[in-house]
Amino acid sequence: MIAFVSGPVAALAPDAAVVEVGGIGMAVQCTPNTLSTLRVGQQTKLATSLVVREDSLTLYGFADDDERQTFELLQTASGVGPRLAQAMLAVHSPDALRRAVSTGDEKALTAVPGIGKKGAQKLLLEYKDRLGEPLGTGGPAIGTAVTSGWRDQLHAALIGLGYATREADEAVAAVTPQAEAAGGAPQVGQLLKAALQTLNRTR
């Protein structure tokens, strides 16, 4: 297993980063929150989880070990693969997911693209004794401040989660007032959560 990758960021895409490790570029699938903390040319260290399939080897990257362990635990539920587990972590921090499960918060899970009401109820039962109790008492720490390009990052994140271009456009427009109120340094993760809430209301 590849536990982590460490090195300079060689390239960034809407859903992945390329980290140079010993002269080799490692493509790592990441959430928008993690990607927003990375800059091309800067050193980084990402906790990783390797998902092996018959026709592919996919490396998923995370800001820390807690996020990686949560990603792996999420996949222990029936019907949850790496893409859905990553989508959950794109919307909620690990502690927010633990809090949602411990309090039976269906709405928190249905905010994730691909999870409906029945699916949320089933997952709450399956995760009840697996994720554990929340570690902190505050709200979820989602995203980091970025000073420019938040529209492109948010739009790409929504497309990556499976929404149509028109839906992504409308969601970005809906959260623009919130972003502008942040004084030019909006947090992409928080905007993503708000955008998903607006999309769920219109569905």
Side-chain angles (χ1 to χ4, degrees), residues 12-17 29-38 60 62-63 67 70-71 74 77 79-124 127 131 134 136 138-203:
L12 291 170
D15 61 353
Q29 300 291 311
C30 302
T31 66
N33 301 331
T34 300
L35 288 171
S36 69
T37 68
L38 305 179
Y60 289 83
F62 309 94
E67 201 170 79
T70 302
F71 171 77
L74 290 173
V80 177
R83 298 298 292 181
L84 184 55
Q86 188 181 48
M88 290 189 206
L89 288 167
V91 178
H92 299 296
S93 68
D95 226 31
L97 285 170
R98 286 189 283 263
R99 191 176 300 111
V101 171
S102 66
T103 59
D105 187 353
E106 286 181 24
K107 287 186 177 180
L109 292 186
T110 56
V112 179
I115 300 180
K117 184 177 176 63
K118 287 186 178 179
Q121 292 171 341
K122 174 173 158 292
L123 290 175
L124 286 173
Y127 289 144
L131 292 188
I142 300 178
T144 44
V146 292
T147 56
S148 64
W150 67 266
R151 286 182 178 84
D152 291 338
Q153 282 186 308
L154 180 58
H155 193 274
L158 291 167
I159 296 297
L161 289 172
Y163 287 99
T165 300
R166 179 185 58 79
E167 291 177 309
D169 290 340
E170 291 174 354
V172 170
V175 300
T176 294
Q178 179 180 334
E180 291 175 345
Q187 293 188 329
V188 175
Q190 290 181 350
L191 293 177
L192 176 61
K193 187 175 181 180
L196 290 170
Q197 289 173 343
T198 66
L199 286 166
N200 286 332
R201 283 199 294 268
T202 58
R203 284 191 162 187

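Just the heavy atoms: all of them, side chains too, but no hydrogens, waters or symmetry mates, feed the values below.
Taking CZ of Arg83 as the reference point, atom CD of Gln29 lies at 5.5 Å (rounded to 0.5 Å). Rounded to the nearest 0.5 Å, atoms OG1 (Thr198) and CD (Glu167) are 10.0 Å apart. Interatomic distance, Phe62 CZ to Leu89 CG, rounded to the nearest 0.5 Å: 6.5 Å. In this structure, the separation between CD on Gln197 and CG on Leu192 is 10.0 Å, given to the nearest 0.5 Å. Note that the OH atom of Tyr60 and the CZ atom of Phe71 stand 5.5 Å from one another [nearest 0.5 Å].
Ala90 approaches Asn33 most closely through the heavy-atom pair O-ND2, 3.4 Å. When all heavy atoms of Ala195 and Val175 are compared, the pair lying nearest together is N-CG1, 3.6 Å.
With Leu97 as the partner, the side chain to side chain contact (heavy atoms under 4.5 Å, CB included) test is satisfied by one option alone out of Leu109, Val112, Val91: Leu109. The only option from Thr31, Asp15, Thr34, Leu74 that meets the side chain to side chain contact (heavy atoms under 4.5 Å, CB included) definition with Gln86 turns out to be Thr31.
Using a 4.5 Å cut-off on side-chain heavy atoms (C-beta onward), Met88 and Ile115 make contact. In this structure, Leu38 and Leu35 have side chains that are in contact, with non-hydrogen atoms separated by less than 4.5 Å.
Residue pairs that meet the side chain to side chain donor-acceptor pair (under 3.5 Å) test with at least one member in residues 106-118, sequence neighbours left out, are Glu106-Lys117, Glu106-Gln121.
One finds a salt bridge joining Asp95 and Arg98 here, because a Lys/Arg side-chain nitrogen approaches an Asp/Glu carboxylate oxygen to under 4.0 Å.
Judged as a side-chain hydrogen bond (donor to acceptor under 3.5 Å, both in side chains), and not counting sequence neighbours, Asp105 has no contacts.
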